[in-house]
Undergrad: 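The structure that follows is given in the form of structure tokens.
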Amino acid sequence: MTDHHHGTTTPAPEAGHDHGQGNGHHHDHTHMDWDALAAYLEGEAEFLTPLLEQATAWLRDLLTRSPGPGPDEVRRVLDVGSGPGVTSCLLAQAFPQAEIVAVDPTEALLERARERAARLGLGDRFRTQVAELPDHIDAVGDADLIWSSKALHHVGDQAAAVAALARRLRPGGLLVASEGGLAPRFLPRDFGVGRPGFQARLDAVQDDWFAQMRAALPGSRAVVEDWPAILTAAGLRSPRSRSFLLDLPAPLEPAGRAQLTLLLSRFAEKAGDDLDEEDRATLARLLDPDDPAGIARRPDLFWLSAQTFHTARAA
């Protein structure tokens, strides 16, 4: 279930750019109110911070071991599709010599990014720019490191978007595209409510949504989602991929329960009608704060998800 981005943690419909129709129920899959989603996206990224910190540490290691600028020589970083800037600020902390540019088409999200950077004392080397992939990215300028997390799949022609980013890399620079991973698991297969396999059926709804969302994008082009091959076709070299886990064992702490409640609440609002009657009843029980079987009170609730990062380097 995903939001600003596919393959991570947020609920299906109303992620990215909304989509077409499902089971006779109409959903608007081509428009997103990112202003309204700002607080949700910020909370989601904060929840994922342990995973994102693993990824930025891996990037520093890659830059240390590979030819090209080392991590302390990275002078300019672009976070393309930055949203409210949680990852932008993590990148600023990981690369303390660099100017960080949070790039997003939504000014309300960039305002949150600026406020976060100021709170963290990063304002002197943090800036934002309104721009959208792929047409407006050339105005952003060049960088030693370009990060784009779960944003490329909201562009109709993903290969063209990758190529546009690759053109902005300085010699030896690194492009990081986070696409894919594993949807979160948070309950046993049979958790005593409804039919076993509830989460697998949520995944099926998400997969249908994602296909419809992609088809509805302007200029949508089908592409085999082999990200190392896409990066190589853009003229980059030495592709690598790695996934990182967010593994929070049962019993889930209050912050995790709150995140999961938001996730399933948004799923119920936007895609509940795409579930059968029994699964809708199960979802309602999970969201009922007074139900002993609900998220607020279950002792067996956990969180396990994975996010995949693909990198390649400019010549």
Side-chain angles (χ1 to χ4, degrees), residues 4-5 7-9 44-104 113 116-117 120 122 125-127 133 137 140-152 161-162 164-182 227-228 230-232 234-247 305-315:
H4 208 184
H5 329 297
T8 54
T9 62
E44 179 197 24
E46 289 171 346
F47 180 68
L48 291 173
T49 289
L51 181 154
L52 295 169
E53 288 176 336
Q54 293 177 66
T56 56
W58 176 59
L59 292 181
R60 284 191 59 87
D61 183 60
L62 278 182
L63 287 163
T64 299
R65 292 186 288 107
S66 302
D72 296 327
E73 282 71 51
V74 171
R75 291 293 183 263
R76 195 162 192 264
V77 177
L78 306 181
D79 180 6
V80 179
S82 66
V86 176
T87 303
S88 309
C89 291
L90 292 175
L91 290 166
Q93 292 165 339
F95 298 96
Q97 309 302 319
E99 175 191 51
I100 309 298
V101 185
V103 182
D104 201 276
R116 174 175 288 270
L120 295 174
L122 303 171
R125 58 189 181 89
F126 189 97
R127 70 183 188 87
L133 274 171
I137 204 65
V140 178
D142 296 341
D144 302 299
L145 174 65
I146 299 177
W147 171 291
S148 184
S149 178
K150 303 182 296 288
L152 290 167
V162 169
L165 293 176
R167 289 195 298 270
R168 302 270 56 86
L169 281 176
R170 293 170 177 169
L174 197 68
L175 174 59
V176 185
S178 177
E179 294 288 344
L182 296 175
W227 288 99
I230 294 172
L231 293 167
T232 301
L236 303 179
R237 58 183 177 83
S238 303
R240 292 180 173 87
S241 298
R242 185 166 174 184
S243 297
F244 296 94
L245 295 178
L246 183 59
D247 183 3
S305 63
Q307 188 168 332
T308 303
F309 298 82
H310 310 279
T311 72
R313 188 178 292 280

Undergrad: Taking all atoms of both residues into account, what is the closest heavy-atom pair of His310 and Ser241, and its distance?
TA: ND1-OG, 2.6 Å
Undergrad: Write down the atom of Asp104, the atom of Gly81, and the distance for their closest heavy-atom approach.
TA: OD2-C, 3.4 Å
Undergrad: Measure the CG-OG distance between Leu182 and Ser305 for me, rounded to the nearest 0.5 Å.
TA: 8.5 Å
Undergrad: First locate atom CD1 of Ile137, then atom CG of Leu78, and finally report the distance between them rounded to the nearest 0.5 Å.
TA: 6.5 Å
Undergrad: Do Ser149 and Gln307 get their side chains close enough for a donor-acceptor pair, meaning under 3.5 Å?
TA: yes
Undergrad: Quickly, which of Val176, Leu145, Leu174 forms a side chain to side chain contact (heavy atoms under 4.5 Å, CB included) with Val77? Name it, please.
TA: Leu145
Undergrad: Not counting sequence neighbours, which residues clear side-chain hydrogen bond (donor to acceptor under 3.5 Å, both in side chains) with Thr308? List them please.
TA: Ser243
Undergrad: State which residues pass side-chain hydrogen bond (donor to acceptor under 3.5 Å, both in side chains) with Arg168; sequence neighbours excluded, sorted by chain then number.
TA: Asp138, Asp142
Undergrad: Donor-acceptor pairs under 3.5 angstrom involving side-chain atoms of residues 83-91: please list them, not counting sequence neighbours.
TA:
{"from": "Ser88", "atom 1": "OG", "to": "Asp79", "atom 2": "OD2", "distance (Å)": "2.6"}

Undergrad: Main chain of Val80, side chain of Ser148: is a donor-acceptor contact present, judged purely on distance under 3.5 Å?
TA: yes
Undergrad: Check side-chain contact (heavy atoms from CB on, under 4.5 Å) between Leu169 and all other residues, then give those that pass, not counting sequence neighbours.
TA: Ile146, Leu175, Leu236, Ala314
Undergrad: What residue pairs, at least two apart or across chains, pass salt bridge (Lys or Arg N to Asp or Glu O under 4.0 Å) with a residue in residues 85-102?
TA: Arg76-Glu99, Glu99-Arg127
Undergrad: Donor-acceptor pair, Arg240 side chain versus Thr311 backbone, under 3.5 Å?
TA: no
Undergrad: About how many Å separate OG1 of Thr232 and CH2 of Trp227, when rounded to the nearest 0.5 Å?
TA: 12.5 Å
Undergrad: Mind checking side-chain hydrogen bond (donor to acceptor under 3.5 Å, both in side chains) for Asp72 and listing every partner two or more places apart, or none if nothing turns up?
TA: Arg60
Undergrad: Taking all heavy atoms of Phe126 and all of Ala113, pick out the closest pair and write down the distance.
TA: CE2-O, 3.7 Å
Undergrad: How long is the straight-line distance from CZ of Phe47 back to CG of Leu246, given to the nearest 0.5 Å?
TA: 5.0 Å
Undergrad: Please name all residues satisfying ring-ring contact (aromatic ring centres under 6.0 Å, His included) with Phe309, sequence neighbours left out, ordered by chain then number.
TA: Trp147, Phe244
Undergrad: Which value, rounded to the nearest 0.5 Å, describes the distance between Thr56 atom OG1 and Asp61 atom CG?
TA: 11.5 Å
Undergrad: Suppose we screen for salt bridge (Lys or Arg N to Asp or Glu O under 4.0 Å). Which residues come up paired with Arg116, at least two apart in sequence or across chains?
TA: Glu42, Glu46
Undergrad: Just to verify, what does Arg237 make a side-chain hydrogen bond (donor to acceptor under 3.5 Å, both in side chains) with, not counting sequence neighbours?
TA: none
Undergrad: side-chain contact (heavy atoms from CB on, under 4.5 Å) with Arg75: which residues, sequence neighbours excluded?
TA: Gln97, Asp144, Arg170
Undergrad: Heavy-atom distance under 4.5 Å between the side chains of Gln93 and Leu120, does that happen here?
TA: yes
Undergrad: Could you tell me which non-hydrogen atom of Leu62 sits nearest to which non-hydrogen atom of Arg313, and how far apart they are?
TA: O-NH2, 3.9 Å
